[in-house]
Structure formats: C-alpha cells, structure tokens
2 protein chains.
Amino acid sequence: MTDRFVSNFTNRLDAKGRVSIPSSFRAVLAKDGYEGLYVHQALDLPALDAGGNALRGTIDDILARFSPFSDEWELLSTALNGTSEVLKVDPEGRITLSEALKAHAGIGDTLTFVGHGHKFQIWEPERFRAHLDAAKTRLRDVKRALGGLGTPGIVGTQAGGAGT
Amino acid sequence: MTDRFVSNFTNRLDAKGRVSIPSSFRAVLAKDGYEGLYVHQALDLPALDAGGNALRGTIDDILARFSPFSDEWELLSTALNGTSEVLKVDPEGRITLSEALKAHAGIGDTLTFVGHGHKFQIWEPERFRAHLDAAKTRLRDVKRALGGLGTPGIVGTQAGGAGT
DNA sequence: TGTGATTCCATTGACGCCCACGATTGCCCA
DNA sequence: TGGGCAATCGTGGGCGTCAATGGAATCACA
C-alpha cells in the first residue's frame, strides 16, 4: 500500500516557511523514484497538485489529448507547465512553497496534505474542510446514481449484524 | 469460511487508544493479503468502513467510472482517498483510530466490530444497537412486502458480501 | 563580507514493538 | 463425565524509535 497517496495530514509551517511532507507520502514519492516534488496550481480549485513522476505522467497525458499546436494545448501547457515548480526536499523531508503557490491556495501558517492516489493536493485547512463537505454531498448523489450497480459496500451498506 | 467478515464483537480501547481487531476478522484480513487496515468514514452513517484489499478495490472501481481529470473524479477522490486511512496493525492485532475517525463514529472507550462480508464496520456500541433495531424494523416491512417469497431467516443472517 | 538558502543538530511527543498477565475456551485424559 | 491442562485471545504497560518541529551552523553567491 505504499504506492498510493491516501488520507490527509495537517502540518504547520515553521518561521522559515518550511513544512514536512507526511512520512507516508514521502514513502510513495521515494518509490516513484523522484528527487524533488512536482507542484502546480490546481486548475479550478484553490489548491495545489503535487506528486512525483506519476503526476508528471498525467500532465503529459492531458496535453496529449490536444494537438500540440492548438490553442487548447497552449492554454493547458501554460496553466500546467507554466505554473509548475519542482521543489527541493530537504534532508528532513521538508519543502518550502513559493509565494505564488501559497497565494493561489490561500495558505497561511498551516496546510493540509490530501491524498489522491497517484498524486496529492495541498490545501489551506479551512478551505479543505469546506471542499470536503461538497465532495461528500456529491458522493451521495453518485452513490444514489450507482445504486444497485453491483458496487457493494463502498458506503453505507445497510445490513444488520447478527446477535452473538 | 474464513473469507468473510461475519458476526459482531465489542472490544475495549485501552489507555493508549488501542483496540484489538477480533481474531476471526484478522484471519480474513490475512487471507486478503494486506498489511494495514483500510478505513474510511461511512457516508450516511455514524460508522466506519474497514477492510483490506477487497474494500480498497471497491473504491478504485468507483473512481474508475470517471475520467481521471474530471471535476467529478476530483470530488470523489477527495471524499474517498482523502478521508481514507491506512491503519497499522501492531503485532498483537490492534489498531489505533485517529481522532477524526473516532469523532465521526462517536466512539469513546468501547466499540463494536460488525461483519459485512467483504468488509466490516466499526460502531459505537450504543449507536449500533439502535441502528440494528431500526434495521430489524425495516426488515420486517421488507419481509411483509416479499410476502411468502421464500426468504427464510433474513433477520439474523449476514447480508451483503461480494464473492471471493 | 553580508544575505539568503541549505544542511545539520536537538527536542519532544507520538507511535510501534516487545513482554507480561488474566480470563476464557477447547481438549485431553483419567 | 468431570477435572485439569494448554492454547488462544483480549488487555495492560514499558521502552525504544521515528516523525514533526524549531533553531543553529554552514555554505554560496553577489
């Protein structure tokens, strides 16, 4: 299970703006074989996308959907590649976000790492809470829509247990 | 027989917040070949869903229904990956729930493990009793609706369950 | 030589691991 | 068939290790 980013962690930035990458995330990055952390601003969210080679790959995939000379490609490349940064990870596993990145996510002195499988996001904690509420609402809708499609047990299966 | 979570068990948390996974559940997890316990908050219940690879598989299945770059995927991944936790199991077969997980289920110093076939749930004992009562009541209604369709013994058997 | 960035070290608190105990259960044997 | 033995399981606690954090020291480049 060390090959996916899961769960969320809230850490504090110190006086120099450094923040520890959660240990479990570092393990995933190490397995991905990446020195440095790949970070860019999320397109529609006040958050940052971060990861290793796996994230790089998904960005290339997105761009590959468009002709390299199209306006769309140009726009996406600007948004993704143009705002990307490769952050150095210090010996203790900490990174320092640039002002631009912090501004985009509205980050002050704490931030939340959120696992997304192949990548993870970085949020300002309060904003993440709100976003999570929205996500749960959406999941309810999807669950209803998928109801009876043979995906047992992802959420709220209603069976009762037997008495012992 | 050892490939499904069945029955329910109520165990105590010790002073350090640790709680033993029932032995029979551990056997199922071991067969699933999983190091660590996959846990997330149930969507519409004050309970936790837990399991091994089988449970994780259902999450991947849901996400796989959406494009990895869509807003939809982002939201669902937030609710699923972002709130899941992989808990370590100590040599005695115990886990420690995070504060977030305990808060969601209202867990104090005891909790109830409830088998659900391919996964199991974790409840605060009193809430589970209430939930079970409600489930039984509704089952009576369902049985009435099924009237004589030959479904003996629904109440008291373990429902759900994916095939192995 | 000053200023910022990077690395090194030190602290503290949480967590994982080891060992121990008691109670229940199932088994064996008289 | 009953008593005792052994194994298993839940529980408790001590201790070492590691992660997160803070701050000092060192390096680089202007």
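Per chain, numbering begins at 1; letters A, B, ... match sequence-line order.
Distance R12(A) CZ to dG13(C) P: 12 Å, rounded to the nearest Å. Counting to the nearest Å, the P atom of dA14(C) and the CZ atom of F9(A) are 16 Å from each other. One atom, CG of D14(B), and another, C1' of dG13(D), lie 9 Å apart when rounded to the nearest Å.
Contact of the I59(B) side chain with the S84(B) side chain is registered, since non-hydrogen atoms from C-beta on lie closer than 4.5 Å.
The line from CG of L43(B) to CG of L80(B) is 9.0 Å long, rounded to the nearest 0.5 Å.
For K16(A), the side-chain atoms get nearest to dT7(C) when compared with the rest of dT11(D), dT7(C), dC17(C). Closest contact between the side chain of S23(B) and the listed nucleotides dG14(D), dC9(D), dA19(D) involves dC9(D).
Side-chain nitrogen and oxygen atoms of R26(A) include at least one within less than 4.0 Å of the OP1 or OP2 phosphate oxygen of dA20(D).
Residues R56(A) and Y38(A) bring a donor and an acceptor atom of their side chains to less than 3.5 Å of each other.
The two residues V28(A) and R4(A) have their closest heavy-atom pair at CG2-O, 3.6 Å.
The aromatic rings of F25(B) and F120(B) sit tilted, their planes meeting at an angle between 30° and 60°.
Within residues 88-103 of chain B, the residues that have a heavy atom under 4.0 Å from DNA chain D are, in order of number, E92(B), R94(B).
Contact of R18(B) with dG13(D) (side chain to base): a donor-acceptor pair of N or O atoms is detected under 3.5 Å.
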